[in-house]
Each structure stands twice: as C-alpha cells, then as structure tokens.
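Here is the structure we will look at, set down as structure tokens.
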Amino acid sequence: MSIQTHKGVIGTIVVNAEGIPIRTTLDNSTTVQYAGLLHQLTMKARSTVRDIDPQNDLTFLRIRSKKHEIMVAPDKEYLLIVIQNPSE
Amino acid sequence: MEIVYVYVKKRSEFGRQCNFSDRPAELHVDILPDPSLAANFIDRDPCDVPIQCTQEMSEHEVNTERFEYETRGINHMEGGWPKDVNPQEMEQTIRYRKKVEKDENYVNTILQLGSHMEHCIRQNNAIDIYQEYFEEEEGVEETEEQPSAKTINVFRDPNEVKRTATSLSWHPDGSQKLAVAYSSLEFQKVSKDMSYDSYIWDIEVSNKPEMTLKPVSPLVCLEYNPKDSHILVGGSYNGQIAYWDTRKGSQPVEMSTIEHSHRDPVYKVIWLQSKTGTDFFSASTDGQVLWWDIRKMSEPTERLVLDPSKKGKLDQALGAISLEFETTMPTKFMVGTEQGMVVSCNRKAKTPAEKIVCTYSGHHGPIYSLQRNPFFPKNFLTVGDWTARIWSEDIRESSIMWTKYQTAYLSDGCWSPVRPSVFFTVKMDGTLDVWDFLFKQNDPTLSIKVCDEALYSMRVQDNGRFLGCGSELGTTTLLEISSGLCTLQRNEKALATAMFERETKREKILEARHRELRLKERSRSEQSKEDETKETEGEESAEELVARAEREFYEMVEAEMKKREKDEKIEIDQVRNGDKK
C-alpha cells in the first residue's frame, strides 16, 4: 500500500468489524495486540462522541505517545490503523 | 488440690450483738448569721472572672478496610475468527483474508480511508508540533510558588503489634529503596509476640516490603554502606551490632559478641571513610563509642568512653544518643549525649584523655540528631528538647542561632543536602517542619501534619526532594517537597555565609563580654572579702520577704477601713446638718 512509503510510517494494519486483521505489515503478535486494543478504544471513543451529541460521529482518532503516533481511521465495517514516527 | 485458708473464731469471742434502733433527728448546733461580722469584709470591685463560650463539637473518624490488590497480566490471543476458520492454520486464514479483500465494499472503503490517512501523515511530516521555539531563554522563572509537600506513599508495619520506626536509611545509588528499623523504645513494653524484623521497602511498592531483615533483637538503627550498597549494618536493642548482605538473605551475616558489645541499645551507627570501606562506629547510652571492622565483628577495633572529666570512667560517662561524622573531616567526629551536651572528639589523639576536645552544652534534653551543614561544615545543627539549634564550632558557650521553643518535643532533624539554609525537623505531635532561615527565622517555612501519632525519625534523600518519616506506630511516610524548597536559589550560598558569619560574630562578642564580666567579678570578690562581714543588707531571705508581704497586705486593708469610716462619718454629718435645717 502506498501509505507505507510515506516518511516515518512504521506499520499499517487493516482490521474488520470482528477484530480480524485483514492486511498488515507488522508481525503477527504485534498485529493481534494492536487490533484488539485499538478496536475497543475506537468503539469507546465513538460512543463517547455520540453520547455528547447523538448527531456527531467519530471520523478520526490520533494517539500521540512519546515514541510515535497511532492514527486510526474508523469506518462502519473496517478500521485502518497506521503507526508513524513523526518527529524526524 | 485446692489451697484453702480456714478462719476459726469462737462465737463467744465475737462480743455483744449490735442492736440498732430508730430515733428522731436531734439538733446539735444552730449558728445563725450575724450581720455585724459582715463589716469585717471589704468588697473587691472589680473582679476578674474568666469565662468561655464555645460551640460544642464532636470528632468522628472513618477509615475504610484496606483494599488488597495485585497486578495481573492479560494474554492476548487471536480471536474473532468465524467458526469454520481455524486461526492456527495458515491456509485457511489466507483464504479468508483473500475472500474479504475481494469484497467490493472493502476496496472503496479502504481507498477512502487511505486518502484521509495520507492527509494526516503528510501533516505530521510537515510540521513538528513539539518544536521548541524559544530555546535560548532558559526561563528566568521567578515563580514564587507556595512551598508545599505532598505524601507520595505510606508504608505500614505489616505486623499485628505495631512498633516504632526508629531509623531510616536510603539506598546509596539511586535511592529506590528505603531501609527502616523497627523497635519499641518504651521501657519494658516489649510483648512476646512483637516481631523483631526490620524491612527494606521499595518506594513504589507500599503493600509489601521488598526484603525482611531478621535480627536477634529489634534494631534501633540501620545504615546502608555508602560504598557497597548491598551491605547494611544495624545496631540492636540489646547492644549488639549485626551486619547484613542483601544478596545473602534475611539473616545477619555476622554479629558482634555480647561481651564486647554495648550494654544499652545502640542508638546510632555511622559508616566511616576508609580504604576498605568496611569500618563503622557506633554509639550507645552506656557511654561508649566503639569502632568496628566488618571483617572482624568479634570485638571492636577501638573504644572511647565519653567521660567529660577525661578519666575514662564508665560510671561517670555520658550516654550517647547521636553521632556525627563528615567524610570531608575524617579525623573529627561529634557525639550528642542524653544529658544535652555535644562532645567534639578527635580520632587521632594519642591518649583517651586527649580524644575529647571540647563540649557544647545548651539543650535541656537528649540531643536526638546532630549533623554538620553539608555546605558549611563549621556549622552544625542539633535537635533536642523543644528547640533546634545551629552552632558554630568556634563558639563553645552557646549556639549561634536557635528556633523558639516549640509546643511539642523535637525528635529528629537534618539539613537539606541541596540548600544550605534549609533544614527539616519532626516533632512528637506528628508534624514535619521545614525551616528556611533566609526566608523566615521565627517560624518554619512549611509545617505539615504527617500523622496523628508521634514521629520518631526522618531522613532526606540525596537529591533533597524526597524525605521519609517514621512514626510511633511503624508507619513510614514518603513525602515530596515542592521544587522551590529543593533547588538552590541564586544568592543562597552567599547569603547563608553572611548570616552565619554575622551570628558567629555576635556570639563571639557576647562571649568576650561574658568573660570580661566574669574576670571583673572575680577580681572584685577577691578585693571585698573583708567587706563582706560589714554588709548586712543586700539579699533578703525568704522569711523577710513573707513578713514584708504580710505587712503590706495589712496596711492596705487598714487604709481601706479607715477610708470607709471617714465616708460614714461624712454621711452622718450630712444627715445631721440636713435635720438641723
């Protein structure tokens, strides 16, 4: 996928609605971990946004940590997760 | 067999039987009030009567049950696969994945999400949101934040019978661990099931100690070896010294023999600066200071008896409660005694008599803590009775600076290792005081109530930021103080030097003046020995004072009575004059 070629991108994962990783560039155990945890987090974030305003919906989720940034683009059926190291 | 005591007395020996009967009340004495006696009394006007009006309040305490928790991990496993697909089988999973990818919806969705994602990625690469814009200015922060301290962690004695935390010692590298010695210093209050153990705590784990040290008798003091962080030495209640190696377990590696140890609890142990790093010395209230080498614990290498008359007699010796040793001055050391005196000693003296150089007295009670200022070694702090005093080595007669008398007894104190003008003290009412004498001299800069019971010991970590306090019920509290109190201020060293010099000079002048007065008195008393018999005046004895007080009182009463008579006479005259008219 062309996203992988961007500067600083460490890995990309595509997860479906059941939490199964469809496509990944990282190793299996890491993929499983990210898929499980981020899926739940995205659900929680989405429900938070909708609780505050029912007409609103989550479009993007970015988690910036000390080491890198995890970006999650959610959809009804799939989840695109990209891990990037921004400060270079 | 029951032990029974039998009393035997004949009925005839009892005496006559008592017969009680009723009779009406009889009046024995009737004293009626006599108004003429009232004239002997003078009304006092005004009267001072203290009264108080406060709201009644009651105090309640609630404490929840301690919640025990432990850390567990979660194992992530693959899941979510539909029933017919076995996640372990590579072929099946690949087939399933390929099937999903062929779905039309998949491709569209991913393309859409992908473009959104690319936008964000490019954004990240374009600007670094954490870039420092003003790096050159090192922030001249004069933020006058309120000095504060907060409790980070509390370590409680896990045993049923609580003992006092009498001594604390921080681990020398990194200070991640804190060794606490527990014992009961109350005379003969040791119950049978009181445990003798002392603990080493990891400061992040407060529910269970990291390691237990099992001595033969409870430890009163405990110190880490600054050169080798695995070795600890502890002085125990029965006078013996023991040392542990944390790699070798909870039992002491070696103990000193009872015959050559102290006869009273060992109150303080300090490691010495030596090439081998195995020397230390100990002090106890039996009046001795003993030097030891770890490799040979069977008997001390050197012994000093704290006899102020320099004769080396043990029964005249002063009991030692605290020790002080500064590695920059290896030949000198100081001992704080139970009698309130600090004895300064020279280790390299040839005879025991020369060992004791001088004494400083000023406290009314035992000196619980003694420490030189890490920045100004000529000045030292003593903590005892209700004050903390700062001394200068040159002035023997009195301290150069002292706190006012506090409401509770001070039990321990120490200087801050990073700021020369800050020191800490703990009191028997459970408060910790932080004193900064460049900021305020009358009161502590910060006073915090750490716990309700008395605090017995405290120790500051080497970075000056964390300090641990041990209390009567064995609770060790770890506090963090605000950065204002543990960062060196700009002119602090210069100001502190100036203050110390000024106070030292003042005391020197006072000392010189005292000496002059004493010399004058002595010369005067020598001259006037013949004149003494002529002088009968001067000091009144106690009886004379009492007689004088009585006389004055009666004079006052008589004066009042005379005034009253005069008033009455004037009234009678007025009435008579009125009648005549």
Side-chain angles (χ1 to χ4, degrees), chain A residues 1-24 27-40 42 58-88, chain B residues 71-136 139 174 176 204:
Chain A
M1 296 191 75
S2 60
I3 291 184
Q4 194 63 28
T5 57
H6 276 282
K7 193 174 85 155
V9 173
I10 300 174
T12 317
I13 308 173
V14 179
V15 185
N16 80 344
E18 278 139 22
I20 303 174
I22 307 292
R23 184 67 89 106
T24 174
D27 58 283
N28 200 23
S29 52
T30 320
T31 308
V32 167
Q33 206 175 12
Y34 268 108
L37 294 166
L38 285 167
H39 186 70
Q40 289 180 28
T42 318
L58 183 71
T59 49
F60 203 80
L61 184 64
R62 260 184 182 183
I63 302 168
R64 195 138 203 183
S65 77
K66 269 202 282 205
K67 295 191 184 159
H68 36 242
E69 176 156 352
I70 304 171
M71 294 175 278
V72 180
D75 183 72
K76 229 168 28 152
E77 282 184 34
Y78 301 99
L79 212 65
L80 174 61
I81 304 169
V82 172
I83 303 141
Q84 189 194 18
N85 194 348
S87 55
E88 264 161 25
Chain B
T71 356
R72 280 171 190 266
I74 296 184
N75 189 19
H76 287 273
M77 301 241 321
E78 272 197 61
W81 294 101
K83 266 203 243 152
D84 52 348
V85 177
N86 182 2
Q88 310 296 336
E89 289 251 336
M90 281 284 294
E91 276 186 31
Q92 292 189 15
T93 54
I94 291 175
R95 214 185 308 147
Y96 183 79
R97 283 198 175 113
K98 286 226 175 86
K99 194 169 71 172
V100 171
E101 279 175 17
K102 290 212 178 80
D103 187 14
E104 217 181 78
N105 195 12
Y106 174 82
V107 179
N108 288 339
T109 324
I110 294 298
L111 282 176
Q112 198 187 12
L113 293 178
S115 60
H116 199 35
M117 183 67 78
E118 269 197 67
H119 170 77
C120 289
I121 292 178
R122 286 215 177 92
Q123 208 177 43
N124 273 346
N125 286 333
I127 298 180
D128 177 14
I129 64 176
Y130 292 132
Q131 186 187 7
E132 281 276 347
Y133 292 128
F134 304 109
E135 226 177 290
E136 308 84 36
Q176 267 293 96
E204 317 217 324

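Scope of the values below: all heavy atoms of this structure, side chains included, with no hydrogens, waters or symmetry mates. These numbers come from a predicted model, not from an experiment. All chains are named by letter (A, B, ...) in the order of the sequence lines, taking the proteins before the strands, and each is independently numbered beginning at 1.
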Within the supplied structure, the quantity of interest is the number of heavy atoms (other residues, nucleotides, ligands) at a distance under 6.0 Å from Glu118(B) CD; does it exceed 12?
yes
For the residue pair Thr109(B) and Lys76(A), establish whether any side-chain heavy-atom pair is separated by less than 4.5 Å.
no
Side-chain contact, heavy-atom cut-off 4.5 Å: Gln123(B) with Arg62(A)?
yes
Quick one, Glu77(A) and Tyr106(B) - any side-chain contact, counting heavy atoms below 4.5 Å?
no
Nearest-0.5 Å distance, OG1 of residue Thr59(A) to NE2 of residue His116(B):
5.0 Å
So Arg97(B) and Arg23(A), do their side chains get closer than 4.5 Å, heavy atoms only?
no
Pairwise distance CD1(Ile110(B)) to CD1(Ile22(A)) - rounded to 0.5 angstrom
9.0 Å
When rounded to the nearest 0.5 Å, the distance separating CG of Leu113(B) from CD1 of Ile81(A) is 11.0 Å
Heavy-atom pair of closest approach, residues Ile121(B) and His6(A)
CG2-CB, 3.7 Å
